[in-house]
*Asks:* 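This is the structure I have questions about; it appears just below.
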Amino acid sequence: MTCCDLKCGLITGTVLGALIALLGVILIPVGNMFIENTETVLENGTLAFDTWTSVDTPMYRQFWLFDVQNPDEVLSQGAKPVLVQKGPYTYRTRFIPKTNITFNDNFTLSFVLPVGAIFEPSMSVGTEEDIFTSLNLAVAGVYSLLDHRLANLLIQRSNSTLFQSRTVKELLWGYKDPMLGSTLGVFYPYNDTIDGPYTVFTGKDDINKVATIERWADGSSFHPFLNKKETLFFFSSDICRSISAEYEGTVDLKGIDVYRYMLPPEALASPVENPDNQCYCTDPVITRNCTTAGLLDLTACRGTPVFLSLPHFLYGSNDLHQGVIGLNPNFDEHSIFLDVEPITGFTLRFAKRLQVNMLYGPSDSIVILNKIKDYTVFPILWVNETAVLDDETADMFKKELIARMDLLEGIQIGLIVGGLVLFASCLIGLIVVCTKRSNNKKNLHC
């Protein structure tokens, strides 16, 4: 091989190595575009659509109910309620697929969520017939909504009192109230109802909007290729609003790396600290001039005087904790989190924990409340709505997406490394050849 042939070969190898490395670099955005356009858009046949419509992953609601230990002392002496929680009482929910799925012309689709609950005895501490002494929902309701003289008339006429004994099933799903003559329950009506309708973006025109709200949102997935620094927003129909979640860390879920997002304390901060919560400050007396943290008044949203908080008033003001005895907030047990797969934006595990509260307080006109000394936000129960992908779905997810991504990444790295090695080797060889040739010329000249 002549010197010219060697030099030409090295130049060719240098250029070829650079092109191979460049191809590996180009494959990175191309691969991302492939995943975005073929797997994460909500349309028939994509992994996103199959996961989004699937009911194979069970979703559960676990309830812990509070039992009043001293109802007589509360009424006769104005004592603080002493509470003991018991649970979980577990129900399987969202076992019915989304229905009326309709693709619209503006890159959105509409659907409704049929709602139902099936009791799971093996996952519960007792039966649906367990009896609890709890706040009388009707009395608390008329206390907040009616003139107190009229409320007292209704209470006395029905011989009602501040507390009542009800079964788990009655408290959750409904019972015939003797004072109002209608059905009441913390979650009544629930079974055989629907949640929605929802309209969400498919992501076909803009992948960053996939599964997000156009009119009424779904918090089950987010846009793909998540950034750890960004704040996620998801909608909860329980509180009629979107709330934020912030990146906490990366955890392993059945062999899949997921980003854990937590509800930050400021999401339930007082309106003084977080102006976004101003609409939940409806009573300056109860909220102490809007300085109470950890409590959302849902009266306007739900049409009933219900206050929502995290379980055991986690992140709540001291006045909430001081109103009752027996609460022990625990971050690990009572916080809200989402585990989101960052490539697809799918939520693969979550725990939504909320506490339902109602209010009672002093009244000169309502006889049974004459001894009550202060306003009390009373915890009725708290719920942990949770779901995690099963082993079969995890294996499918890893096979259909993660394995492809790993293969694509391997090819990208192989091309980049191989190309750079070829480029560097040939470039070094070229430099050596050129240096030797230059030295030879100098020697001949001498």
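The residues of the chain are indexed from 1 along the displayed sequence.
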*Asks:* Short question: side chain of E120, backbone of S122 - any donor-acceptor pair under 3.5 Å?
*Replies:* no
*Asks:* Does R61 qualify as a cation-pi partner of Y91, given the criterion of NZ or CZ under 6.0 Å from the six-membered ring centre and within 45 degrees of its axis?
*Replies:* no
*Asks:* Are any non-hydrogen side-chain atoms of W173 and F187 less than 4.5 angstrom apart?
*Replies:* yes
*Asks:* As a quick check of understanding, evaluate side-chain contact (heavy atoms from CB on, under 4.5 Å) for I343 and F225, giving each step before the final call.
*Replies:* CA-CA 4 Å; I343 296 174; F225 301 104; 4.0 Å; yes
*Asks:* When you compare the side chain of L354 with that of K352, does any pair of heavy atoms fall below 4.5 Å?
*Replies:* yes
*Asks:* Would you mind listing every salt bridge (Lys or Arg N to Asp or Glu O under 4.0 Å) that reaches into residues 131-146, with sequence neighbours excluded?
*Replies:* none
*Asks:* Determine yes or no for a side-chain-to-main-chain donor-acceptor pair under 3.5 angstrom, with T386 supplying the side chain and F350 the backbone.
*Replies:* yes
*Asks:* Scan residues 71-83 for pairs that pass side chain to side chain donor-acceptor pair (under 3.5 Å), counting only residues two or more places apart or in two chains.
*Replies:* none
*Asks:* May I ask you to check whether F163 and F132 place their ring centres under 6.0 Å from each other?
*Replies:* no
*Asks:* Check A140 against L135 and note the closest heavy-atom contact, atom names and distance.
*Replies:* CB-CD2, 3.7 Å
*Asks:* Measure the shortest side-chain to side-chain distance between F119 and R92 over non-hydrogen atoms and say whether it is less than 4.5 angstrom.
*Replies:* no
*Asks:* According to side-chain contact (heavy atoms from CB on, under 4.5 Å), who are the partners of V84, at least two apart in sequence or on a separate chain?
*Replies:* Q69
*Asks:* Measure the CG-OG1 distance between D130 and T167 for me, rounded to the nearest 0.5 Å.
*Replies:* 9.0 Å
*Asks:* Using the side-chain contact (heavy atoms from CB on, under 4.5 Å) rule, take R260 and R349 through it: C-alpha gap first, then chi angles, then the decisive distance, then the call.
*Replies:* CA-CA 9 Å; R260 172 154 294 185; R349 175 171 59 190; 3.3 Å; yes
*Asks:* Over all heavy atoms of both residues, which pair between P264 and S244 is shortest? Give the atoms and the distance, please.
*Replies:* CD-O, 3.4 Å
*Asks:* Side chains of F66 and I380, heavy atoms from C-beta outward: is any pair under 4.5 Å?
*Replies:* no
*Asks:* From L263 CG over to S335 OG, what is the distance, rounded to the nearest 0.5 angstrom?
*Replies:* 8.5 Å
*Asks:* Under 3.5 Å, side chain of T127 to main-chain N/O of E129, donor-acceptor pair present?
*Replies:* yes
*Asks:* Less than 3.5 Å apart, which donor and acceptor atoms pair up between the side chains of residues 175-183 and the rest of the protein, not counting sequence neighbours?
*Replies:*
{"residue": "Y175", "atom": "OH", "partner": "Q164", "partner atom": "NE2", "Å": "2.8"}
{"residue": "D177", "atom": "OD2", "partner": "M179", "partner atom": "N", "Å": "3.0"}
{"residue": "D177", "atom": "OD2", "partner": "L180", "partner atom": "N", "Å": "2.8"}

*Asks:* Tell me the closest heavy-atom pair linking A351 and N384, and the distance in Å.
*Replies:* CB-OD1, 3.6 Å
*Asks:* State, with a plain yes or no, whether a side-chain heavy atom of Q62 is found less than 4.5 Å away from one of Y89.
*Replies:* no
*Asks:* Table please: side-chain donor-acceptor pairs of residues 364-379 below 3.5 Å, with sequence neighbours left out.
*Replies:*
{"residue": "N370", "atom": "ND2", "partner": "S363", "partner atom": "O", "Å": "2.8"}
{"residue": "N370", "atom": "ND2", "partner": "I366", "partner atom": "O", "Å": "3.1"}

*Asks:* Apply the test side-chain contact (heavy atoms from CB on, under 4.5 Å) to residues Y360 and V74: give CA-CA distance (whole Å), side-chain angles for both, the deciding distance (0.1 Å), then the verdict.
*Replies:* CA-CA 11 Å; Y360 71 86; V74 174; 3.7 Å; yes
*Asks:* Going by the rule side chain to side chain donor-acceptor pair (under 3.5 Å), which residues pair with Y143 if we only count those two or more places apart in sequence or in a different chain?
*Replies:* none
*Asks:* Of all residues at least two apart in sequence or in a different chain, which pass the salt bridge (charged side-chain N to carboxylate O under 4.0 Å, His left out) check with D67?
*Replies:* none
*Asks:* Please list every donor-acceptor pair under 3.5 Å in which a side-chain atom of residues 226-234 meets a protein atom from a residue at least two apart or in another chain.
*Replies:*
{"residue": "N227", "atom": "OD1", "partner": "K229", "partner atom": "N", "Å": "2.9"}
{"residue": "E230", "atom": "OE1", "partner": "H223", "partner atom": "NE2", "Å": "3.0"}
{"residue": "E230", "atom": "OE2", "partner": "H223", "partner atom": "NE2", "Å": "3.3"}
{"residue": "E230", "atom": "OE2", "partner": "N227", "partner atom": "N", "Å": "3.0"}

*Asks:* Using side-chain heavy atoms (C-beta onward) and a distance below 4.5 Å, is L83 in contact with I325?
*Replies:* no
*Asks:* Which donor-acceptor pairs under 3.5 Å do side chains of residues 246-257 form with protein atoms, sequence neighbours excluded?
*Replies:*
{"residue": "Y247", "atom": "OH", "partner": "T250", "partner atom": "N", "Å": "3.2"}
{"residue": "Y247", "atom": "OH", "partner": "T250", "partner atom": "OG1", "Å": "2.7"}
{"residue": "D252", "atom": "OD1", "partner": "G255", "partner atom": "N", "Å": "3.3"}
{"residue": "K254", "atom": "NZ", "partner": "L389", "partner atom": "O", "Å": "2.8"}
{"residue": "K254", "atom": "NZ", "partner": "D391", "partner atom": "OD1", "Å": "3.0"}

*Asks:* Are side-chain heavy atoms of F63 and L65 found at a separation under 4.5 Å?
*Replies:* yes
*Asks:* Enumerate donor-acceptor pairs with a distance under 3.5 Å from any side-chain N or O in residues 303-316 to protein atoms, sequence neighbours excluded.
*Replies:*
{"residue": "S309", "atom": "OG", "partner": "N357", "partner atom": "ND2", "Å": "3.1"}
{"residue": "H312", "atom": "ND1", "partner": "N328", "partner atom": "N", "Å": "2.8"}
{"residue": "H312", "atom": "NE2", "partner": "Q85", "partner atom": "OE1", "Å": "2.8"}

*Asks:* Please walk me through it: do T292 and S317 pass side-chain contact (heavy atoms from CB on, under 4.5 Å)?
*Replies:* CA-CA 6 Å; T292 298; S317 300; 4.1 Å; yes
*Asks:* Name all residues meeting the salt bridge (charged side-chain N to carboxylate O under 4.0 Å, His left out) criterion together with D297; count only those two or more places apart in sequence or in a different chain, and write none if there are none.
*Replies:* none
*Asks:* How far does CG of L327 sit from CG of L320, to the nearest 0.5 angstrom?
*Replies:* 9.5 Å
*Asks:* My understanding is that only residues two or more places apart in sequence, or in another chain, count here; which of them pass salt bridge (charged side-chain N to carboxylate O under 4.0 Å, His left out) with R353?
*Replies:* none
*Asks:* Quick one: closest heavy-atom pair of L184 and A138, and the distance?
*Replies:* CD1-CB, 3.7 Å
*Asks:* Could you tell me whether the side chain of L381 reaches within less than 4.5 Å of the side chain of L171, counting heavy atoms only?
*Replies:* no
